[in-house]
Visitor: 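Structure provided below as structure tokens; questions to follow.
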Amino acid sequence: MNNLEFAKIFWQIAEFLELKADNPFKIRAYRAAAQNIESLSKSLEEIYAQGGLKAIEEIPGIGTHIGQKIEEQIKTGKVSVLTQLRKEFPQGFLELASIPGLGPKTALLLKKLKIDSLAKLEKAAKSGQLRDLPGFGAKKEKNILRGLNLKKASHGRFLLDEASAHAELLVEELEKLPEAKKILPCGSLRRGQETVGDLDILVVSDKPNIIMDKFVKLAMVKDILAKGETKSSVILKNGLPADLRVVNEKSFGAASHYFTGSKAHNIHIRQLAHQAGWKVSEYGIFNQKGQQIGGQTEADMFAKFRLDYIPPELREMRGEFEAAAKGQLPKLVELSDIKGDLHLHTKATDGLNSIEEMAEAAKKLGYEYILISDHTQSTRVAGGLSESEMLAHLKKIKAANKKIKGLEILAGAEVDILPDGSLDYPNKILNQLDIVIVSIHSNFKMPKEKMTQRIVTALSNPLVKIFCHPTGRLIGQREGYEVDLEKVLPAAQKYNVAIEINAHPQRLDLTDVYCQRAKELGVKMVISTDAHSTDQLELMKYGVMVARRGWLEKKDIVNTQAVRDLL
DNA sequence: GCCGTTTTCGGCCCGACTGTTTTCAGTCG
Ligand SMILES: Nc1nc2c(ncn2[C@H]2C[C@H](O)[C@@H](COP(=O)(O)OP(=O)(O)OP(=O)(O)O)O2)c(=O)[nH]1
Ligand SMILES: [Mg+2]
Ligand SMILES: [Mg+2]
Ligand SMILES: [Zn+2]
């Protein structure tokens, strides 16, 4: 069982306990444990195999009880508490609480009335059965119907590029309002999380009512969920929800910190405030008399606690406070550090543009080099090149490199790793390439052991320099193949192969927590776009975000180096 | 259920919006 599956056990236990109106702090404890398990870069199974229950209990947020449940799952394949809870609730009941605006209290009430599925709820609401319940009324009943519709129409989480694009559009609209003095997109988007649930936009203004009135009337707004004088929530026409928060200038720092999150990070800084005899809210840092003593700038939110500034991408409760207190935060890699793109395609295979077009676009980004890396023969669906076609393609790349000044065009290929771990071309072809990058495009459904061996075998070829999109996952479409990164990463280190952070918003592969692990193991990383067209070269920023979330610095990233120092 | 440079017991972040209330509960950020 992988860590995400372990985490899911505890997310579910938390959910069930909430629906039983159990102790809220116990529920929070389960959620904290789930969150921390998702942040681990080593598998619980492996931690357990190496250090037993004791090692498991050293994980933050995991104590004797949750530790025992992990042990039970490993030993017996189930957690009896969860099995029991599942029996207490009818199938489909959990879905009720996923309706926006309908929480655990209401769900519990509905259960008593035997309304325990979405269909039954809809029927009850439509026939006016809910309005007479205690604490209910006609409006609440209508809101439940609206919530049902919202859930049906819900798009789920959004990829980073679509969320970013809509944030930019929304910011453009808000910039037209003279009452808006500052506008800052916050939330998971600012933290560079791989998917985004909603936009969280902060505005500074002394005229919050005017901002709110104009905000909810914007053409891009489809539905208004709530509207107050400091906070409003809407759904945009593309289905993306957006929250707007308006504060005074003097609260800008505290509010941007609050609204950027993460929630767990926020709670921690509020606990630090408590220890110092202060209080932190989105309005500032306050002393016991209630006077504001800080929080006008975001930097001050850290400085007041003797912490170095923690960049948004690190605010995930993954050790950032300890590092900031000791002055040991990494100096994170930046987009402007990137000197080239080492994974791109042309119309020789499944790309849209020519070598020259890709090169010109790369020059416009200020790059020093690119690697043309088209597909190889086994990847037929992508127009993979036969040996002779590749040799001809090579000549074209070399010719383009001669022709185009101010950019080094390196000749490479994204060589398929065959099921037995051998490569799609013999070494006599690979020898002629400047840089060989490799990846898996077929036979995804191998057992973990075999897949791991397949990859390690490929990486052991001394001509191989980069392993691309190492897990093969496509966000929202398919899980990655089963692979033991605890073996692949050390192999990459041993054979001096760099691991790719694929910057495509649907891949973002390797993920942040494994980037951190790779760094620990001394593995070099490279950030590449896998661009299939000139405009996709600009996806680099999303890969940089992943690297930053993985605590990586310029020196950890191969393509921040000059071309002569590459690999 | 977790956790401890004041604690191994008694805390656990703080505030906005809505609908139903006549002072607050529920839900959410
Ligand atoms: N202090 C505190 N802050 C919270 C809480 N819930 C949310 N926040 C803050 C931190 C979040 O990053 C920010 C925006 O909330 P969201 O629900 O939109 O979460 P976020 O953007 O992190 O993730 P998302 O991708 O939208 O699911 O508000 C909370 O319970 N307490
Ligand atoms: Mg959000
Ligand atoms: Mg939000
Ligand atoms: Zn590719």
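Numbers restart at 1 for each chain; the letters A, B, ... are given by sequence-line order, proteins then strands.
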Visitor: Determine the contact category for Arg28(A): base if any of its heavy atoms lies under 4.0 Å from a base atom, sugar-phosphate if only primed atoms, P, OP1 or OP2 are that close, otherwise nothing.
Guide: base
Visitor: Any strand counts, and the cut-off is 3.5 Å on both contacts for Watson-Crick or G-U wobble. Which nucleotide pairs with dT8(B)?
Guide: none
Visitor: With C1' as the reference atom in both, quote the distance from dT5(B) to dG1(B) in angstrom, rounded to an integer.
Guide: 24 Å
Visitor: Applying a 4.0 Å non-hydrogen cut-off, can you work out what Ile269(A) is touching in the nucleic acid: base, sugar-phosphate, or nothing?
Guide: nothing
Visitor: Regarding Ile66(A), tell me which of base, sugar-phosphate or nothing describes its non-hydrogen contacts under 4.0 Å with the strands shown.
Guide: sugar-phosphate
Visitor: Within 45 degrees of the ring normal and closer than 6.0 Å to the centroid, is that where the cationic atom of Arg270(A) sits relative to Phe286(A)?
Guide: no
Visitor: Rounded to whole angstrom, note down the C1' distance from dC12(B) over to dC17(B).
Guide: 25 Å
Visitor: So Ile62(A), base contact, sugar-phosphate only, or nothing? Heavy-atom distance under 4.0 Å.
Guide: sugar-phosphate
Visitor: Does Pro24(A) reach a base, just sugar-phosphate, or nothing at all? Heavy atoms under 4.0 Å.
Guide: nothing
Visitor: Please work out if Ser232(A) contacts a base, only the sugar-phosphate, or nothing of the nucleic acid, heavy-atom cut-off 4.0 Å.
Guide: nothing
Visitor: Give the intermediate values and the outcome of ring-ring contact (aromatic ring centres under 6.0 Å, His included) for residues His265(A) and His257(A).
Guide: CA-CA 10 Å; His265(A) 173 100; His257(A) 180 263; 5.0 Å; yes
Visitor: Under 4.0 Å, heavy atoms only, any strand: does Tyr30(A) hit a base, just the sugar-phosphate, or nothing?
Guide: sugar-phosphate
Visitor: What does Thr106(A) touch in the nucleic acid at a heavy-atom separation under 4.0 angstrom: a base, only the sugar-phosphate, or nothing?
Guide: sugar-phosphate
Visitor: Map Ile27(A) and Asn143(A) onto DNA chain B by nearest heavy atom, then report which one ends up closer to the 5' terminus.
Guide: Ile27(A)
Visitor: Expressed in whole Å, how much space separates the P atoms belonging to dG19(B) and dC13(B)?
Guide: 28 Å
Visitor: How far does the P atom of dT20(B) sit from the matching atom of dA25(B), given to the nearest Å?
Guide: 16 Å
Visitor: Excluding sequence neighbours, so at least two apart, what forms side chain to side chain contact (heavy atoms under 4.5 Å, CB included) with Leu4(A)?
Guide: Asn2(A), Glu38(A)
Visitor: Determine the interatomic distance between P on dC14(B) and the same-named atom on dT21(B); round to the nearest Å.
Guide: 31 Å
Visitor: At the 4.0 Å heavy-atom cut-off to chain A, mark where contacts on DNA chain B begin and end, going 5' to 3'.
Guide: dG1(B) to dG29(B)
Visitor: For Ser127(A) and Gln129(A), which I'm curious about, is there any donor-acceptor pair between the side chains at under 3.5 Å?
Guide: yes
Visitor: By nearest nucleotide on DNA chain B, pick out whichever of Lys105(A) and Ser281(A) is the more 5' one.
Guide: Ser281(A)
Visitor: For dT6(B) versus dG11(B), give the span between their C1' atoms, rounded off to a whole number of Å.
Guide: 14 Å
Visitor: Considering only atom P, compute the distance from dT22(B) to dA16(B) and round it to an integer number of Å.
Guide: 23 Å
Visitor: What residue pairs, at least two apart or across chains, pass salt bridge (charged side-chain N to carboxylate O under 4.0 Å, His left out) with a residue in residues 143-157 of chain A?
Guide: Glu122(A)-Lys152(A)
Visitor: Looking across every strand, which nucleic acid part, if any, lies under 4.0 Å from Ala138(A) by heavy atom: base, sugar-phosphate, or nothing?
Guide: sugar-phosphate
Visitor: Lys227(A) near the nucleic acid: base, sugar-phosphate alone, or nothing, with a heavy-atom cut-off under 4.0 Å?
Guide: sugar-phosphate
Visitor: Base, sugar-phosphate or nothing for Asn23(A)? Non-hydrogen atoms, less than 4.0 Å.
Guide: base
Visitor: Contact class for Tyr258(A) vs. all strands (heavy atom < 4.0 Å): base, sugar-phosphate, or nothing?
Guide: base
Visitor: Going by atom types only, do Asp116(A) and Gln91(A) share a side-chain donor-acceptor pair under 3.5 Å?
Guide: no
Visitor: Could you please spell out the steps behind the side chain to side chain donor-acceptor pair (under 3.5 Å) verdict for Glu298(A) and Tyr309(A)?
Guide: CA-CA 8 Å; Glu298(A) 201 172 37; Tyr309(A) 178 82; 3.2 Å; yes
Visitor: Check for me whether Lys69(A) meets the cation-pi criterion with Phe10(A), that is, NZ or CZ under 6.0 Å from the six-membered ring centre and within 45 degrees of the ring axis.
Guide: no
